[in-house]
Each structure stands twice: as structure tokens, then as C-alpha cells.
2 protein chains.
Amino acid sequence: MAGIKDVAAEAGVSVATVSRVLNAHPSVSEAARARVLAAVETLGYRPNAVARSLRTDQTRTLGLVISDVLNPYFTELARSVEEAARALGYSVIIGNADERPDLQDHHVRTLLDRRIDGLLVSPTDGGTPLMLEAARGGTPIVFVDRWIPGIDVPVVRADGRAAIGDLVAHLYGLGRRRLAIIAGPAATTTGSERVEAFRAALAGHGLVLPDAYVGQGDFQAASGRRATERFLALPEPPDAVFAADNLMTLGALDALRAHGLRIGADIALAAFDDIPWFVHTDPPVTAIAQPTGELGRAAVHALAALIDGGTPPSVTLPARLVVRRSCGEGAPNPRSEQ
Amino acid sequence: MAGIKDVAAEAGVSVATVSRVLNAHPSVSEAARARVLAAVETLGYRPNAVARSLRTDQTRTLGLVISDVLNPYFTELARSVEEAARALGYSVIIGNADERPDLQDHHVRTLLDRRIDGLLVSPTDGGTPLMLEAARGGTPIVFVDRWIPGIDVPVVRADGRAAIGDLVAHLYGLGRRRLAIIAGPAATTTGSERVEAFRAALAGHGLVLPDAYVGQGDFQAASGRRATERFLALPEPPDAVFAADNLMTLGALDALRAHGLRIGADIALAAFDDIPWFVHTDPPVTAIAQPTGELGRAAVHALAALIDGGTPPSVTLPARLVVRRSCGEGAPNPRSEQ
DNA sequence: CTGAAAGCGCTTACAG
DNA sequence: CTGAAAGCGCTTACAG
């Protein structure tokens with residue numbers, strides 16, 4: 001593969017000049033520029049990004065460590081992150097933690113070794129030593145969706161509190177009184193916050209959330225199924241189940257179906273995170289939608305600002321309830337979809 | 001951040017010795033090894049992968065350019081690719097082409113500039129100049145799922161021909177006679193092959209595939225909806241629709257639902273690519289499942305072999321029909337799921 | 001077993 | 001406007 005020296009030779013200039021035209025440095029004569037460009041063209045020269053990175057100490061690359069690629073929410077987040085990053089001239093390398101702290105650390109380490117310019121992460125847990133070290137080590141980091149208390153970096157996330165309040169009101173209005181939740185890991189912020197918001201909303205209606213109605217999940221499908229099975233085995237099973245993410249909803253759907261329950265009639269089901277498939281499930285699933293695209297963009301902009309030496313603020317965007325039919329037939333909601 | 005020189009100083013050895021212990025070179029005394037390891041520990045040293053890559057001319061990184069991250073099929077493929085690559089000591093950088101040749105080229109170029117050791121791609125089109133150039137340029141490449149005729153590199157894919165035959169037989173057995181297909185872009189191999197297999201299978205039953213029954217899609221949801229709308233506007237609409245991927249199926253579901261049609265009764269619907277959500281749609285969707293995880297693993301192994309100077313063969317794995325209820329109620333199929 | 005030194009392909013002050 | 005040279009952080013023959 002042709003190197004910068006070959007281009008210099010072909011154009012009859014020094015490598016310094018070649019470098020200058022490639023980097024749009026102003027002081028290069030038109031004649032030299034033209035010759036270099038021509039040489040680049042005929043040799044099919046492509047600069048070696050590895051060498052450039054070593055020299056400039058920047059890779060123009062962002063790392064994104066997400067909790068689970070199989071989760072459509074994160075996949076959509078990844079897409080918007082890459083798009084926003086590309087617009088800013090950054091590439092992004094995605095690491096999938098699969099909800100495992102060890103895998104998360106593996107990716108963070110690899111990314112750090114590659115000297116990415118900044119890191120976007122939705123932490124799988126309460127904070128591994130490596131995570132803390134990376135933050136202290138001066139690597140620009142911003143948390144997306146989930147964050148780690150005690151690590152002082154910008155956080156970009158959606159606040160589901162109000163939407164969860166709307167959901168509980170919706171369920172209450174439909175006559176549901178025994179509301180249960182399938183939570184994510186308590187070590188994650190989204191895991192604990194959603195339960196707290198749910199509990200608070202119930203209290204607002206004079207309802208309590210018994211321990212037996214808090215299923216412990218891990219944000220993946222199988223755990224949603226297990227938690228649901230456990231609910232159904234209770235002497236007094238819940239009449240409404242709220243799953244804290246879309247994958248656990250999938251598991252809940254499996255379990256409910258297996259028990260022959262009519263969702264929306266025998267039992268209500270709602271999800272955190274809205275995805276295209278929820279319009280087509282049987283029945284369509286009522287869900288809380290996050291402004292995923294905006295979150296991705298805001299996270300990238302915050303990270304870019306951090307890299308540029310700024311001190312971007314945290315961003316919290318509202319989530320909203322999208323009523324469909326899985327909780328029962330209510331009055332047509334203005335915000336609902338077909 | 002501590003560099004190799006700091007470690008050498010701390011351990012009282014040369015950088016060469018530090019490098020040797022880090023790379024598990026045999027000729028290092030136990031004493032030196034211990035001191036270096038201790039120094040690495042106390043300084044929290046992490047080798048700079050950029051510098052190492054420049055020197056060794058290998059990045060231990062694979063590039064994966066997929067057609068669309070929002071497609072669960074590719075997302076699952078990406079996951080298995082990363083897993084298999086990690087087991088072999090490679091990282092993978094994913095590029096999402098969004099079914100756009102220009103975006104695909106952008107990612108291929110970026111990946112090449114980064115000097116990835118090998119490239120895995122499911123091409124969005126018939127072959128851009130860059131793609132051809134990269135292949136000729138000596139970069140180890142293997143195609144996954146889709147391939148480009150004329151570029152002689154290993155191809156790892158599933159053959160859906162037999163499964164499509166099974167599907168057509170299934171539809172025929174259910175009394176369907178007006179079968180339509182929503183195809184992917186003709187420039188992609190999966191776009192054209194699935195139509196051809198479908199047409200051949202129809203012929204086997206004495207049926208023809210009229211041009212009006214071949215909807216032109218682009219593998220994304222909106223096109224599935226448009227093609228379906230067009231089918232329904234026909235004087236004689238089809239009584240069965242086969243969508244060539246899961247995203248277009250989503251669009252077809254939208255359109256069918258909007259027209260108030262009962263899927264499985266008024267009209268049959270089947271999909272290429274099986275995903276977890278199809279079990280829970282209304283009705284559950286009959287689909288052709290690819291051995292996605294195996295494809296990802298096989299692709300990585302082929303690419304690794306290529307990088308190591310081998311000449312791995314192409315791999316073709318069978319796809320299989322998973323009968324559910326979207327084509328109508330047939331005899332319970334042994335291979336069907338709940 | 002160990003170290004001094006060259007070199008990977010670039011960029012960028014420094015002179016001119 | 002241009003070039004010679006240093007240097008980014010490693011690895012690896014080459015001597016010893």
C-alpha cells in the first residue's frame with residue numbers, strides 16, 4: 001500500500017508538504033497542492049489513521065459500551081449515536097456488555113487501550129473499579145441511560161417518573177388494583193429508579209407495592225418470563241404487570257401466553273421502552289417511550305464538548321406513555337396509536 | 001498516562017525487556033519479569049494499542065459492515081461475530097450501512113484507513129468501485145449473508161431455497177393460490193435469490209408469479225408497507241404475501257392491519273428471517289429461520305483463516321421453515337412452535 | 001538474558 | 001511557501 005513517501009516522490013515535494021495538503025493547511029502553493037492531489041489520485045493513496053493517531057494523540061473515535069445489543073432500545077440508541085458522531089467527524093466503536101460487568105470491563109479496557117477520544121457508557125452495574133479508574137484517569141466519559149452514582153460525569157437520560165405516574169393512573173382508571181413490576185438489577189439506576197417511581201405512583205392512589213409484586217429481573221427476556229411465572233404462582237396474583245424494559249416484556253408475554261391468560265382482559269401488561277413491534281403484538285402493548293434518538297444525539301454532543309475541554313451539563317429528557325390495548329380497553333387516549 | 005518508559009524506569013530495566021514480558025517472550029529472567037509486572041501494577045500501565053499496531057502492522061481488529069443495525073437479524077449476526085472474534089483475540093468495529101451504498105463505502109473506507117486486519121461485509125448493493133478495489137487491494141474480506149458476484153472471496157450464507165420451497169408447499173396446502181412476494185433490492189443477492197426461489201417453487205405447483213405480485217422493497221419497514229398497499233390496490237389482490245426480510249414484514253403487518261384484514265384468514269403472511277417477536281405478533285408469524293449464530297461464527301473463522309494466509313472455503317448453511325399461524329390454521333406442524 | 005537503536009507512517013514546530 | 005528533522009510509543013532484529 002502506497003505511503004506518504006511514495007506520494008511525495010510522485011509529486012516531487014516533501015512529505016511535509018503532502019501532509020499539509022492532506023490536512024488542509026493554508027500555506028501550500030496551488031501548484032504543489034495540485035501535484036499532490038494528482039499523486040494521491042494516481043497512487044490511490046489513503047493515509048494511515050494508525051500513524052496519524054499516534055502522532056496527534058487523538059483517534060477521532062468514540063467508544064460506546066451498551067448493556068445489550070439485542071435490546072432494540074440500545075440498538076436504536078447506537079444508531080443515533082453513530083449518526084451524530086459521524087456528523088462531527090468521529091467514528092464510533094460499539095462494545096456490547098450483554099448485561100455482564102466483566103464483558104463491560106473488557107470492552108472499556110480495549111477501548112481505552114485503543115486511545116479512543118471519549119467514552120459513552122450505559123453501565124451494567126453499580127460501578128466496577130475499572131470504570132472508576134477510567135473516570136479518574138481523565139478519559140472524557142458521559143453516561144447514557146444509566147449512570148453510576150459517585151462518578152461525576154455528565155449523564156444523558158430520560159426521566160420516566162412522570163410517564164410511570166401516567167401509566168399507574170391509566171391502570172388505576174381501568175380498575176386494576178394489584179399492580180406488579182418486573183424490575184431490572186437494583187445495581188443499575190434504571191433498575192432501581194423505575195421501581196421507586198412505580199411505588200411512589202401507587203402510593204399516590206393509596207396502593208402499596210408488596211415485596212412479592214416486585215419481580216427481580218436482569219433486563220433480559222428469560223428473567224421476564226421467570227418473574228412472571230412467580231407472580232402467577234402467588235396465592236393472589238397481580239392483575240397488572242409492568243416490565244421495566246422491552247426484553248423482559250417479551251419474556252412476560254411468553255409466560256402469560258403459556259398460562260392461557262388473555263392479556264388486556266385477564267391481566268394487564270405494560271412495558272418500559274417502546275419499540276415498533278409493540279404495535280403488532282397480540283394485543284398491542286402499552287409502553288413508555290423514550291426519546292431515544294435525541295438521547296443519542298445529546299450524549300454525543302455532551303461528549304464532544306467534554307473532549308473539547310468544555311463542561312457540558314447533564315441532560316434529562318421526558319419519556320411519555322403510549323397507550324395501546326394491553327392494559328384493557330380504556331377511553332381512546334389522545335396520545336395513543338392505532 | 002504512564003508509558004513503557006516509565007515502567008522500564010520503575011522496574012530498572014530497558015523498554016525492550018518491558019516489551020518482552022508484556023508479549024510473553026520466552027527469554028526474560030524470572031527476576032526481571034517479576035519487577036516489570038510489579039511496575040506495571042503500581043503504575044497502572046496499559047500498553048498503547050495504537051503504537052503497537054503501527055509497529056507490528058496489525059490491529060487485531062476486524063471490521064463488520066452490516067446492511068442495517070435496526071434489523072434484528074443483523075444485530076444478532078453482529079453479536080455472534082463479536083463473540084467469535086473475541087474468542088480469537090480480535091476486536092470488531094461495526095459499521096452500519098443503513099442499506100445505503102454511500103454509507104457502506106464510508107464505513108469501508110474508514111475501516112481500511114484504520115488498517116483493520118480483515119473485513120466482514122454484507123453488501124448493500126451490487127458492488128461499488130471501492131468494494132472492488134478493497135478486494136483487489138489484498139485486504140482479507142469475506143462476505144456474509146449477501147455477496148457480490150465477480151469478487152472472489154469466501155461467502156458465508158444461508159441457502160433459503162429449500163425452506164422457501166417448504167413455505168410455498170405450506171401455502172399451497174392451505175389453499176392459497178395467489179402468492180405474492182415483497183422482494184429486496186435486485187442488486188443484492190438475497191434480494192434476487194429469494195424471488196427466484198419463490199418463483200421456482202410456485203412453478204413446481206403449476207403456479208406463475210405475475211409481475212404485479214413482485215413488490216419492490218429495500219429491506220426496510222416503510223417499503224414493506226408500500227408494497228403491500230400496492231398489492232391490496234390490485235383488481236385481484238394476492239391471498240398470500242411473503243416478505244423477504246423481517247423489517248418489510250413489519251411494514252406489511254402495518255398495511256394489512258390498516259386495511260382491517262385478518263391475517264391468517266383473509267390473507268396469509270410469511271417472513272424471511274425469524275425473530276423472537278414473531279411468536280407474539282397477532283397472529284404469530286410463520287417465518288424462515290436462518291442459523292444466524294452459526295453464520296457469524298463461520299464468517300469469523302473464515303476471515304481469521306484468510307488473515308492467517310489460508311484459503312478458507314465458502315460456507316452455505318440451510319435455513320428452515322418455522323410454521324406458526326399467519327398463513328392460516330394448518331395441521332400442527334412438527335417443526336412449529338407454540 | 002539484556003540493552004541500544006532503528007523504524008513503523010505520520011505531523012508539526014523550526015528555519016529558511 | 002517549503003523541507004529537514006524530531007518524535008509519537010511501541011517492537012524487534014542485532015550484538016553482546
Side-chain angles (χ1 to χ4, degrees), chain A residues 1-37 39-40 43-61 89 109-117 137 139, chain B residues 1-37 39-40 43-61 89 109-117 137 139:
Chain A
M1 197 166 280
I4 196 172
K5 282 187 210 162
D6 303 303
V7 177
E10 173 81 16
V13 296
S14 70
V15 296
T17 296
V18 174
S19 179
R20 288 196 188 93
V21 351
L22 260 24
N23 293 290
H25 186 99
S27 48
V28 183
S29 68
E30 246 337 298
R33 180 186 314 281
R35 289 214 305 287
V36 168
L37 261 18
V40 165
L43 296 179
Y45 170 73
R46 289 260 80 212
N48 182 326
V50 174
R52 184 202 303 247
S53 291
L54 179 60
R55 183 52 231 254
T56 60
D57 199 35
Q58 56 167 13
T59 50
R60 293 305 289 176
T61 301
R109 202 176 334 259
T110 304
L111 258 8
L112 255 25
D113 287 356
R114 276 159 192 276
R115 301 300 192 265
I116 42 122
D117 294 341
T139 309
Chain B
M1 198 167 279
I4 196 173
K5 282 187 206 160
D6 303 303
V7 177
E10 173 82 16
V13 298
S14 71
V15 296
T17 296
V18 174
S19 177
R20 288 196 189 93
V21 352
L22 260 25
N23 293 291
H25 187 98
S27 49
V28 184
S29 68
E30 248 335 300
R33 181 185 313 282
R35 288 214 307 286
V36 168
L37 260 17
V40 164
L43 296 180
Y45 170 73
R46 292 257 79 211
N48 182 326
V50 175
R52 185 200 303 246
S53 290
L54 179 60
R55 184 53 232 251
T56 59
D57 199 35
Q58 56 168 12
T59 50
R60 294 305 290 175
T61 301
R109 201 176 334 258
T110 303
L111 260 7
L112 255 23
D113 286 356
R114 276 159 191 277
R115 301 300 192 265
I116 43 125
D117 294 342
T139 309

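Neither side chain, B:Arg114 nor A:Thr59, offers a donor N or O lying under 3.5 Å from an acceptor on the other.
Remark: C1' of C:dG9 and CE of A:Met1 are 13 Å apart, rounded to the nearest angstrom. Distance A:Asp57 CG to D:dC10 C1': 14 Å, rounded to the nearest Å. We find that CZ of A:Arg35 is positioned 14 Å from P of D:dC1, with the value rounded to whole Å. For the pair A:Lys5 NZ and D:dA5 P, the interatomic distance rounds to 14 Å; values are reported in whole Å. Taking atom NE2 on B:His25 and atom P on C:dG3, their separation rounds to 13 Å, with Å as the unit. Separating the CD atom of B:Gln58 from the C1' atom of D:dC10 is a distance of 13 Å, rounded to the nearest angstrom.
Side-chain atoms of B:Asp6 come within 3.5 Å of backbone N or O of B:Gly3 as a donor-acceptor pair. Side chain of B:Ser53 to backbone of B:Ala49: a donor-acceptor contact under 3.5 angstrom is found. Under a 3.5 Å cut-off, the side chain of B:Thr56 and the backbone N or O of B:Arg52 do form a donor-acceptor pair. The main-chain N or O of A:Ala11 is found under 3.5 Å from a side-chain atom of A:Arg35 such that the two form a donor-acceptor pair. Side-chain atoms of B:Asn48 come within 3.5 Å of backbone atoms of B:Val50 as a donor-acceptor pair (strictly under, hydrogens ignored). The closest donor-acceptor contact from the side chain of A:Ser19 to the backbone of A:Val15 lies at 3.5 Å or more, if one exists at all. Using modelled atom types, no side-chain atom of A:Asp117 and backbone atom of A:Gln58 make a donor-acceptor pair closer than 3.5 Å.
As judged by a 4.0 angstrom heavy-atom cut-off over every strand, B:Ala32 is placed among residues touching the sugar-phosphate backbone only. Counting any heavy atom pair closer than 4.0 Å across all strands shown, B:Asn48 reaches sugar-phosphate atoms only and no base atom. Using a 4.0 Å heavy-atom criterion, one finds that B:Val50 contacts no nucleic acid atom at all.
Candidate nucleotides D:dA4, C:dG3, C:dC1 were compared by shortest atom distance to the side chain of B:Ser29, and C:dC1 ranks first.
D:dT2 and D:dA6: their P atoms are spaced 23 Å apart (whole Å). Nucleotides C:dG16 and C:dT12 are separated by 16 Å at their C1' atoms, to the nearest Å.
Along DNA chain D, the nucleotide nearest B:Gly3 and the nucleotide nearest A:Pro26 are compared for position; the residue whose nucleotide lies closer to the 5' end is A:Pro26. In terms of position along DNA chain C, the nucleotide closest to B:Arg33 lies nearer the 5' end than the nucleotide closest to the other residue of the pair B:Arg115 and B:Arg33.
Other residues, nucleotides and ligands place no more than 12 heavy atoms under 6.0 Å from the CG atom of B:Asp57.
Stem regions annotated for DNA chain C: C:1-3 with D:14-16, C:5-12 with D:5-12, C:14-16 with D:1-3, counting only runs of 3 or more consecutive pairs of Watson-Crick or G-U type with both contacts under 3.5 Å.
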Q: Go along nucleotides 11-16 of chain C 5' to 3' and tag each nucleotide: B for a protein heavy atom under 4.0 Å from its base, S when only backbone or sugar atoms are that close, - otherwise.
A: BBB---
